[in-house]
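Taking it in order: structure first as structure tokens, then the write-up.
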2 protein chains.
Amino acid sequence: MVGNIPKIDKFDIEILSILRTEVRTSVLEISERIGLSATPVSRRIRRPEEQGIITRYAALIDEAKLGYEVSVFVSVKLDKQVDDSLAAFEAAIQDFSEVVDFWLMTGNRDYVLRVATRSLADFESFLVGRLTRVRGVASIESSIP
Amino acid sequence: MVGNIPKIDKFDIEILSILRTEVRTSVLEISERIGLSATPVSRRIRRPEEQGIITRYAALIDEAKLGYEVSVFVSVKLDKQVDDSLAAFEAAIQDFSEVVDFWLMTGNRDYVLRVATRSLADFESFLVGRLTRVRGVASIESSIP
DNA sequence: GTTGAAATCCTCTGGTG
DNA sequence: CACCAGAGGATTTCAAC
């Protein structure tokens, strides 16, 4: 069976909920919090890693403190004519360092990007100089968090 | 001066870009990749942690593999009448385990939430049973990635 | 002030009961 | 699953640039 949902018990859920926001919590501290010894905690962390439930460990960066003060949600609609526009579009935006995150919405030609730049001027030059020039882009709409 | 932008050199940028996607990379491996020894790498990791540039370390969970197959972006507009609705609303949604992420948009009464549930039925019951009942919620719109 | 190397300390992991 | 021992990595200290 494909797409099988692994059996997860109360301990696994507690561990995942801790790791979701505090990866650096030591195995020992987790074991004390949930009432287990270190060994099974270590095993219960490794299993979701191998199963691909934990896709990766990421450091969340406060872009504003680095001078990336402008953060924008950009909705992009793609041209319906171009057949391989999705793959091409995704490849293109992955090369843009300004794109922090992106999601493909239902309808399959509608993306939402989160874009971070140092200033509104940088954002606008990214928009007109780079994003609008990607093949297949039909229309763009921005909203600022 | 408030909001000062720290001086970041080439090494810091390289370290941050590694940590952004691969936190578990050892200090030794980072030092080999960027051509520095372990000591300065360790210090250059701690500094952005203390400055709040690295806000937290997070394990990214594949919700689909846990059976949370439905992931939805929800736009919520808040009622303009209620003065403290922002704080109340944020407090409320932080208690909802279904809310994976949320952002406050410009206009100050417009939130975007990312919601993950096990099924569309669960999502709908979350929507009508919990989210719409939060004080100050004026209107809701959903879009599915 | 920052680096580089060695010593210390801490934490993870594999084996045993 | 708990306990214990070995191993690997991170952090502190100190000398040098």
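Every chain is numbered from 1, with letters handed out A, B, ... down the list of sequences.
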OP1, OP2 of D/dG9 versus side-chain N and O of B/S26: anything below 4.0 Å? no

Could you check how far CD of B/E29 sits from C1' of D/dG9, rounded to whole Å? 13 Å

What class does the angle between the rings of B/F102 and B/Y111 fall in, given that below 30° is parallel, 30 to 60° is tilted and above 60° is perpendicular? tilted

A/L131 vs A/L113 side-chain heavy atoms within contact, under 4.5 Å: yes

Answer yes when A/D95 and A/R130 have at least one side-chain N-carboxylate O distance shorter than 4.0 Å, and no when they do not. no

How many Å lie between CG on B/L36 and P on D/dA10, as a whole number? 15 Å

With a 4.0 angstrom cut-off to heavy atoms of chain A, pull out the first and last contacting nucleotide of DNA chain C, in 5'-to-3' order. C/dC12 to C/dG14

When all nucleic acid strands are considered with a 4.0 Å heavy-atom cut-off, which category describes A/R46: base, sugar-phosphate, or nothing? sugar-phosphate

How close or far is atom C1' of D/dC1 from atom CZ of A/R43, stated in whole angstroms? 11 Å

So, does B/S71 use its side chain to make a donor-acceptor pair with the main chain of B/A116 at under 3.5 Å? no

Given D/dT11, D/dC1, D/dC4, which nucleotide is nearest the side-chain atoms of B/A38? D/dT11

Salt-bridge test for A/K10 and A/E14: reply yes if a basic N is under 4.0 Å from a carboxylate O, no otherwise. no

Does the side chain of A/E98 come within less than 4.5 Å of A/V70's, by heavy atoms? no

How close or far is atom C1' of D/dC1 from atom CG of A/L28, stated in whole angstroms? 16 Å

